[in-house]
Colleague: 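Supplied in structure tokens, the structure appears directly below.
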Amino acid sequence: MPRFTLPDGSIKEIASPATVAAIAAAIGAGLARAALAGRVDGRLVDLDTPLETDAAVEIVTPSTPDGLEILRHSTSHLMAHAVKELYPAAQVTIGPAVADGFYYDFDYERPFTPEDLTAIEARMEAIVQRDLPVERRLMERQEAIDWFTAQGEHYKAEIIRDIPSDQALSLYRQGEFMDLCRGPHVPSTGRLKAFKLTRVAGAYWRGDSKNKMLQRIYGTAFADKKALAAHLTLLEEAAKRDHRRLGKELDLFSIQDDAGGGLVLWHPMGARMRQTIEDYWKQTHREAGYEFLFTPHMANLDLWRTSGHLDFYRESMFNPMTVDEQSYQIRPMNCPFHILVFRSRIRSHRDLPMRWAELGTVYRYEMSGVLHGLFRVRGFTQDDAHIFCRESQIEAEISAILDLTLQTLRTFGFEKFEINLSTRPGKSVGSDAIWDKATTALRNAIVGHGLDYAEDVGGGAFYGPKIDVKITDAIGRKWQCSTIQLDFNLPERFDIGYIGEDGGRHRPIMIHRALMGSLERFFGILIEHYAGHFPLWIAPVQAVVLTITEAHNDWAVEVAKRWRAAGLRVETDLRNHKVSYKIREHAMRKIPWLLIVGEREQAEGAVSPRDRHGKDLGLIPVDDMLQRLLLEAANRT
RNA sequence: GCCGACGUAGCUCAAUUGGCAGAGCAACGGAUUUGUAAUCCGUAGGUUCGGGGUUCGAUUCCCCGCGUCGGCUCCA
């Protein structure tokens, strides 16, 4: 009898022919009911896969990431099944599970409408009710091509032709519907209990804009209705936090046709916040031993020819303009300028490392269709810096950059990080020795910080390895902002050097790094992360003093004056309105503190603070409250 | 750029089959002097995204542009 080792180390012996389903049943009835598939010696298989030899077996249920993915993949098949029943002329193409759901691409004579989605969803429910078994079978290559061609499914036939001929082809059948698929799948359609179709979109066949546009239907699926509802609630929460909406409501910024798409106008309240962020950035960089540069927004096109951007970055650059019969290029990056500063005089090894930072505004051409609020723009400011150092200094520099990165991100309330190390790709510049040395230095710096990381082998840029840091926001979404990139290319192209201890000329290592990435995008992420409820130190207006009646105006003005002198951003609201009216208004502006002043406060030199959650702190002496807020702002909490 | 949806007052949204373009909030004026999320009355506000067409008549139907939004990498 074959012996099956379970994840907890225990062993089950099941008479042959055993299946994953039988093993699950032997463990318990509950698990048998929940089982969707199995992981056998690391490979995902269907529940009814026969197991004839000893193996490590794990039962896959919807509560695991694997299980959820299978569930979603099966739901995409369910959708394709429903589409074929309703619209037989539609051709199926591919339909994978994706990050938080699934999609399926169809070739159909017309786009699907929202009404179609409702109909498809209803038909999906009906197929679930039929509880059709989902059966796997293998098919010969030519037989499969013939079968799909006979069905009018030309995309499937094309897919099969592209599959290496030594690979077995598997098909999955549920009722009348059969689809080419690697699997595994849930055992029957009745197992799909909670799904929703979310949107339709165009998508190119194989993602290539030269190919035909297909109709993509997106949906999502979960183990049960409750989990689905929770996900839909999360989407609503994300919509409420949308920085485009909050940016308008809080009057932080705008993007207007009259200026152009992807070009951001920072309004006074948003500009205040940006200034606070920049002040913090300057302070930390000064402390970390950086110098600051200011460089031009455009340069002679030859500079971009030398840097190589004209070759490999052209499609992201705006067209050059002509000035005095010379071509000038608006900058998509800051690095060539920093190189020019380095090259402006002879550098000694004693000068290294040189850490030069610039809040550099760059302009990049993005296709009109991809512009998106502050997240995808055509003009933005990078918190850029370039470090020129000796090979032996790489590790210490990377380590210091990681310190600064984590410190910065934590200050803005991000606690969870995901680190990626990307190594040498096939086509690249630089010697094996330098790549090895640099990659090891990066790895050591990460490990030295006690951080977990994933290695993206071959995922680096052609000119050097890099570290990316992803953050997780308040509602669990991940964003990549920080990037630390080594560059063996630009120093070479600009032929920069320093004089070493040996009196000879040496090539410095160049490190590009950005912590927040684009200030615009980072600001958008902050808006969504905090849902507009910014911590005191960033809030554009930190407190509003509001009066009960005109009789208290003098005291309100006095309070505001003192607090402003102490460095806080304070407004007064002396309007002849009821307090409740004023409170509502400033609460909607998400002002952290409202200071109510009336008869008692005026008489006692006090204020009655109300926090953003509506909590009334009662009468507090004005200077006590001031100290409290100054502390809160200084702590950046 | 491509596919789809959408574009009405500063904002959020109405307007029946093609028949005088409206409401709430905001703004402005006045009254109200008010104690923890909306006081009352009044006034003004429009090239219905732009251009063309069909029609007696177009916010509505058609065509062309512009813009916004959702997508366009995640392998059968």
Side-chain angles (χ1 to χ4, degrees), chain A residues 69 73 76-77 80 92-99 102-105 108 110-114 116-117 139 144 148 153 155-164 167-172 179-183 198-218 239 242 244-245 248-249 251 254-258 260-262 315 365-373 546-553 574-589 594-601 608-619:
Chain A
E69 194 179 326
H73 191 188
S76 93
H77 273 233
V92 294
T93 68
I94 62 166
V98 290
F102 62 86
Y103 66 79
Y104 209 113
D105 286 346
Y108 191 46
R110 62 169 178 83
F112 293 111
T113 64
D116 291 329
L117 284 203
M139 201 181 260
F148 278 110
E153 298 287 5
Y155 291 89
K156 285 291 174 192
E158 183 181 332
I159 289 164
I160 295 170
R161 280 188 212 102
D162 288 347
I163 294 175
Q167 220 170 304
L169 295 180
S170 58
L171 285 85
Y172 280 80
D179 197 1
L180 175 75
C181 188
R182 200 160 49 180
T198 48
R199 60 179 79 96
V200 285
Y204 299 105
W205 168 234
R206 302 203 147 154
D208 188 336
S209 57
K210 288 195 274 296
N211 289 338
K212 184 165 182 190
M213 173 80 58
L214 305 173
Q215 300 303 321
R216 171 170 299 181
I217 304 179
Y218 279 92
D242 192 314
R244 293 166 298 187
R245 167 198 169 121
K248 189 182 277 179
E249 282 175 13
D251 198 15
S254 64
I255 297 171
Q256 302 179 32
D257 299 351
D258 293 329
E315 70 280 11
Y365 172 73
E366 298 277 6
M367 286 192 291
S368 61
V370 305
L371 299 176
H372 180 98
L546 45 95
T547 50
I548 306 284
T549 78
E550 279 170 0
H552 318 114
N553 283 5
L574 309 180
R575 293 175 303 169
N576 174 17
H577 276 299
K578 282 165 67 171
V579 207
S580 54
Y581 178 87
K582 299 196 211 178
I583 286 177
R584 175 183 151 81
E585 202 161 273
H586 297 115
M588 290 198 306
R589 292 171 67 201
L594 302 185
L595 308 169
I596 287 97
V597 303
E599 221 36 62
R600 294 197 299 278
E601 290 78 6
S608 285
R610 179 192 205 273
D611 74 12
R612 58 167 43 135
H613 309 294
K615 194 170 163 215
D616 180 357
L617 302 198
L619 215 62

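Below, chain A is the first sequence line, B the second, and so on; all start at residue 1.
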Colleague: Any sub-3.5 Å donor-acceptor pair from A:Ser76's side-chain atoms to A:Phe102's backbone N or O?
Modeller: no
Colleague: Any strand is fair game: report the nucleotide pairing with B:A58 by Watson-Crick or G-U wobble, both distances under 3.5 Å, or none.
Modeller: none
Colleague: Working to the nearest 0.5 Å, report the span between NZ of A:Lys212 and OG1 of A:Thr93.
Modeller: 11.0 Å
Colleague: Name all residues meeting the salt bridge (charged side-chain N to carboxylate O under 4.0 Å, His left out) criterion together with A:Arg589; count only those two or more places apart in sequence or in a different chain, and write none if there are none.
Modeller: A:Glu571
Colleague: Do you know the tightest heavy-atom contact between A:Trp205 and A:Glu158?
Modeller: NE1-OE2, 3.5 Å
Colleague: Nearest-nucleotide wise, let me know which of A:Ala551 and A:Gly261 is further upstream toward the 5' end of RNA chain B.
Modeller: A:Ala551
Colleague: Within the structure shown, what part of the strands sits under 4.0 Å from A:Thr198 by heavy-atom distance: base, sugar-phosphate, or nothing?
Modeller: nothing
Colleague: Let me know the distance between CG of A:Leu117 and P of B:G70, rounded to the nearest Å.
Modeller: 17 Å
Colleague: Base contacts versus sugar-phosphate-only contacts with protein, heavy atoms under 4.0 Å: please encode nucleotides 71-76 of chain B as B, S and - from 5' to 3'.
Modeller: BBSBSB
Colleague: My understanding is that a pair needs two contacts under 3.5 Å, Watson-Crick or G-U wobble. By that rule, which nucleotide pairs with B:G24?
Modeller: B:C11
Colleague: In whole Å, what is the span from the CD1 atom of A:Ile596 to the C1' atom of B:U33?
Modeller: 17 Å
Colleague: Rounding to the closest angstrom, what is the interatomic distance between B:G4 and B:G10 at atom C1'?
Modeller: 30 Å
Colleague: Using whole Å, what does the distance between atom C1' of nucleotide B:G4 and atom CD1 of A:Ile217 come to?
Modeller: 12 Å
Colleague: Identify all pairs in which a protein N or O lies below 3.5 Å from an N or O of nucleotides 37-42 of chain B, and state each distance.
Modeller:
| residue | atom | partner | partner atom | Å |
| --- | --- | --- | --- | --- |
| B:A37 | OP2 | A:Arg610 | NH2 | 3.2 |
| B:A37 | O4' | A:Arg584 | N | 3.4 |
| B:A38 | N9 | A:Arg584 | NE | 3.3 |
| B:A38 | N7 | A:Arg584 | NE | 3.2 |
| B:A38 | N7 | A:Arg584 | NH1 | 2.9 |
| B:A38 | N7 | A:Arg584 | NH2 | 3.3 |
| B:A38 | N6 | A:Arg584 | NH2 | 2.4 |
| B:A38 | N1 | A:Arg584 | NH2 | 3.0 |

Colleague: Provide, to the nearest angstrom, the distance between the CZ atom belonging to A:Arg245 and the C1' atom belonging to B:C13.
Modeller: 14 Å
Colleague: If we take the C1' atom in both B:G65 and B:A9, what is their distance in whole Å?
Modeller: 25 Å
Colleague: Taking the C1' atom of each, how far is B:C72 from B:G57, in whole Å?
Modeller: 42 Å
Colleague: Between A:Asp105 and A:Arg216, is there a side-chain N and carboxylate O pair less than 4.0 Å apart?
Modeller: yes
Colleague: When rounded to the nearest Å, what value does the distance between P atoms of B:U12 and B:U8 take?
Modeller: 8 Å
Colleague: In Å, rounded to the nearest 0.5 Å, how long is the span from SG of A:Cys181 to CD1 of A:Ile94?
Modeller: 11.0 Å
Colleague: By side-chain contact (heavy atoms from CB on, under 4.5 Å), which residues pair with A:Tyr108, not counting sequence neighbours?
Modeller: A:Tyr87, A:Ala89, A:Ala90, A:Arg110, A:Phe112
Colleague: Does A:Glu366 contact B:G1 through a side-chain donor or acceptor facing the base, at a distance under 3.5 Å?
Modeller: no
Colleague: Check A:Pro96 against A:His73 and note the closest heavy-atom contact, atom names and distance.
Modeller: CA-CD2, 4.4 Å
Colleague: Using side-chain heavy atoms (C-beta onward) and a distance below 4.5 Å, is A:Lys582 in contact with A:Ile548?
Modeller: no
Colleague: What is the separation between atom CD on A:Gln215 and atom C1' on B:C2, rounded to the nearest whole Å?
Modeller: 12 Å
Colleague: In the strands shown, is B:C69 matched to any nucleotide by a Watson-Crick or G-U wobble pair with both distances under 3.5 Å, and which?
Modeller: B:G4
Colleague: Rounding to the closest angstrom, what is the interatomic distance between B:A15 and B:C49 at atom P?
Modeller: 15 Å
Colleague: When the distance from CD of A:Glu249 to P of B:A26 is rounded to whole Å, what number comes out?
Modeller: 14 Å
Colleague: Looking only at atom P, what distance separates B:C40 and B:A26, rounded to whole Å?
Modeller: 10 Å
Colleague: Can you list the residues that meet the salt bridge (charged side-chain N to carboxylate O under 4.0 Å, His left out) rule with A:Glu69, with sequence neighbours excluded?
Modeller: none
Colleague: Partner lookup for B:C75, please. Criteria are Watson-Crick or G-U wobble with both distances under 3.5 angstrom; report none if nothing qualifies.
Modeller: none
Colleague: Apply the test side chain to side chain contact (heavy atoms under 4.5 Å, CB included) to residues A:Leu574 and A:Glu550: give CA-CA distance (whole Å), side-chain angles for both, the deciding distance (0.1 Å), then the verdict.
Modeller: CA-CA 7 Å; A:Leu574 309 180; A:Glu550 279 170 0; over 6 Å; no
Colleague: If I pick the C1' atom on B:C20 and the same atom on B:U60, what distance separates them, to the nearest angstrom?
Modeller: 15 Å
Colleague: Could you encode protein contacts along nucleotides 7-12 of chain B as a string, one character per nucleotide from 5' to 3', using B for base contact, S for sugar-phosphate-only contact and - for no contact, with a heavy-atom cut-off of under 4.0 Å?
Modeller: -----S
Colleague: What interatomic distance, in whole Å, is found between P of B:A5 and the corresponding atom of B:G46?
Modeller: 32 Å
Colleague: Within the structure provided, determine whether A:Lys156 and A:Val92 are in side-chain contact (heavy-atom separation under 4.5 Å).
Modeller: yes
Colleague: Using side-chain heavy atoms (C-beta onward) and a distance below 4.5 Å, is A:Met139 in contact with A:Phe148?
Modeller: no
Colleague: Given that both distances must come in under 3.5 Å, which nucleotide forms a Watson-Crick or G-U wobble pair with B:U16?
Modeller: none
Colleague: Whole-Å distance between B:G70 C1' and A:Phe112 CZ?
Modeller: 17 Å
